[in-house]
Amino acid sequence: MKNLKVVLSAALVMATAGTYAMALDIDLSKIKVDGTLEMKAQSASNESDYSNSANDERNSTRHRVTLGLGGELTEGIKVRVEAVRRPLTSNGFLGTANPSTAGQFGQGAQSVQNELDSWIFQQAFMHIEDLFFGVGVKAGRQSVGSANSHVYFAGAYDDDSLTVTGVDAINLMKKAGPVDLAYMHATTNDVKTLAGSDYSGATGRSVFRSLSANANLKELSGNDMLDVPLMLAWHHGEAQGVTNAVTDNVNLGTYELSADLNLMEGMLGFGFDYASNSGQRNVTATPDTKVNFKGTLTALNAKFNHAETGFSAWGNLVTASGDDDATEPGAASVDDKSWHDYSAFGLAPKMNFGEILGKSTLGAAFPATQSFDTGTPLAAGQGRGLKVTNLGAGYTLPVMDKAFMVSADYIMASAAKLFTADTQSKSKDIGTELDLALSYKKSDNLGFKVGYATFDPEAQSIVLGTPNETDPVTKLFANASVKF
């Protein structure tokens, strides 16, 4: 391991510091190697047709391995490089044209070349704590956003495919008294060729910006009883040449406000998140078409955790607005009232509700509650919106140092609106799901989870396209995670 550390450290230094790397005073004792091994297995039935009469079963076991190296390179400068061995997806690795099966159990040994092709780098950045006037800088390939966000995220996803993404970004951070300020600029797509001052080619260039301010009310007021984290943010995505015309563009803005309230030393908590779209999609045509983004998202959550008795409970209510008209043809200016996140810009949030609704591919559609953006902002497509209610409870067993926990989640999902063109006999309801799980936490670095999920689809769901009669979708799952 020591030799590996020296080799990786040398590569890390050269990668992050270029020709000046060897001039740095490097203390290898501050460079640490870490990693994870995650495994997921599923056995599901009726995912594609909601019928017991057909042979519709899916069995898979996938794993994701990460190997990271990072720490304090020199005074005030931290670095991190992380390699990920990617699992299999239906279209190859993470949607690419490489249909390798290296991340799937039950496959033969890989050749050296195939094994090398299985590893990618989604983390490779430098963090300077104070570049000038107290401004910190984090630049390079990195994860961005929060895994619990409904607005944007890139990183390690908790989905059945164990997806992992990253973006090339620069983050600027500044602490102004009790307020933490941050600005991020990321390029999420840049495959066009530059011809003069214009982009030419079949696809566009996408950038994402985010400006945020974070503070805690107890620091603002000086009252320790007011443990209320606050966040105010403005996000903006810009896509150029969305129809292969230089003058065409999409500017999707989002204003976001969130607040959390922690009571009784964390035993009781409440959360609120509100986001509102702004901006336009501009397409040069005859006549010119303009789409104004007017969607909203509201997320409420509550939690209760009584450590002494082992009982816990939680609840979530998320509503993403929809539009009752999918196209509104013939209008030169259209208001799109459906909520849009930044999935179209390569920053897809995946706050999963339900092992089936949030992770399984139902019918020919994507997981029904994995993303709350039900439209297509780059193609001027409105969505029906989405409403999800999640109620859960857990109990930590008073045995083996409280390492075991049983839990249950009940999820209800529906579209927010029906299109005026939808068949009126169809329903906005998607269905209901029940998840039961047993978790075993051996330590902070070793954990296991097994469970059973069943989903009862709405027979007339406009979202699922279900037939008149449906059978439940069932799923057994087992997860394991090891950190070192």
Given side chain to side chain donor-acceptor pair (under 3.5 Å), test Ser48 with Asp56 step by step and report yes or no.
-> CA-CA 7 Å; Ser48 64; Asp56 174 21; 3.0 Å; yes
Identify the two heavy atoms, one from [X] and one from [Y], that lie closest to each other, and give their separation to 0.1 Å.
X: Thr470; Y: Pro457; answer: OG1-O, 3.3 Å
X: Ala413; Y: Val388; answer: CB-CG2, 4.2 Å
X: Ala320; Y: Leu297; answer: CB-CD1, 4.1 Å
X: Asp471; Y: Asn52; answer: OD2-N, 2.8 Å
X: Val167; Y: Ala186; answer: CG2-CB, 4.2 Å
X: Asp323; Y: Asp335; answer: OD2-O, 3.2 Å

As an exercise, state the distance from [atom1] of [X] to [atom2] of [Y], rounded to the nearest 0.5 Å.
X: Asn479; Y: Ser439; atom1: CG; atom2: OG; value: 8.5 Å
X: Thr74; Y: Ile128; atom1: OG1; atom2: CD1; value: 11.0 Å
X: Lys428; Y: Leu386; atom1: NZ; atom2: CG; value: 12.0 Å
X: Asn352; Y: Lys350; atom1: CG; atom2: NZ; value: 8.0 Å

Close side-chain approach of [X] to [Y], heavy-atom, < 4.5 Å:
X: Ile31; Y: Leu69; value: yes
X: Phe270; Y: Asp260; value: no
X: Gln382; Y: Val334; value: yes
X: His340; Y: Phe293; value: yes
X: Ile170; Y: Met184; value: no
X: Val450; Y: Phe477; value: no
X: His236; Y: Asn251; value: yes
X: Arg85; Y: His63; value: yes

Has [X] got a side-chain atom pairing as donor or acceptor with [Y]'s backbone, closer than 3.5 angstrom?
X: Asn305; Y: Leu268; result: no
X: Asn216; Y: Val228; result: yes
X: Asn277; Y: Thr254; result: no
X: Asp130; Y: Gly134; result: yes
X: Ser338; Y: Gly322; result: no
X: Gln142; Y: Ala169; result: yes
X: Asn223; Y: Met225; result: yes
X: Glu433; Y: Leu357; result: yes
X: Thr66; Y: Thr36; result: yes
X: Asp159; Y: Thr163; result: yes

Check whether the side chains of [X] and [Y] place a donor and an acceptor atom closer than 3.5 Å, and report yes or no.
X: Ser343; Y: Asp341; result: yes
X: Asp409; Y: Trp314; result: yes
X: Gln122; Y: Arg141; result: yes
X: Ser45; Y: Thr474; result: yes
X: Arg80; Y: His127; result: no
X: His150; Y: Asp273; result: no
X: Asp336; Y: Asn292; result: no

Knowing that exactly one of Thr389, Asp435, Thr432 qualifies, which makes a side-chain contact (heavy atoms from CB on, under 4.5 Å) with Ile411?
-> Asp435
[X] bridged to [Y] by N-O distance under 4.0 Å:
X: Lys218; Y: Asp224; value: no
X: Asp160; Y: Lys475; value: yes
X: Arg62; Y: Glu38; value: no

Go through the steps to decide whether Lys359 and Asp158 satisfy the test salt bridge (charged side-chain N to carboxylate O under 4.0 Å, His left out), and finish with yes or no.
-> CA-CA 9 Å; Lys359 300 178 183 180; Asp158 181 27; 3.4 Å; yes
Heavy-atom count around Lys483 NZ within 6.0 Å, excluding the residue itself: above 12?
-> no
Atom CZ of Phe121 with >12 non-hydrogen neighbours under 6.0 angstrom | no
Test side chain to side chain contact (heavy atoms under 4.5 Å, CB included) applied to Met173 and Lys138, step by step = CA-CA 8 Å; Met173 298 148 284; Lys138 181 180 177 183; 3.9 Å; yes
With side chain to side chain contact (heavy atoms under 4.5 Å, CB included) as the test, would you mind laying out the steps for Arg58 and Ser60 before giving the verdict?
-> CA-CA 7 Å; Arg58 176 178 66 88; Ser60 68; 3.4 Å; yes
Start with the C-alpha gap between Leu257 and Tyr255, add the side-chain angles, then the distance that decides, and say whether side chain to side chain contact (heavy atoms under 4.5 Å, CB included) holds.
-> CA-CA 7 Å; Leu257 172 65; Tyr255 297 94; over 6 Å; no
Please determine which of Phe345, Tyr152, Phe153, Tyr183 meets the ring pair (Phe, Tyr, Trp, His ring centres under 6.0 Å) test together with His235.
-> Tyr152
Can you list the steps and then say if Met405 with Ser312 is a side chain to side chain contact (heavy atoms under 4.5 Å, CB included)?
-> CA-CA 10 Å; Met405 177 181 177; Ser312 58; 3.6 Å; yes
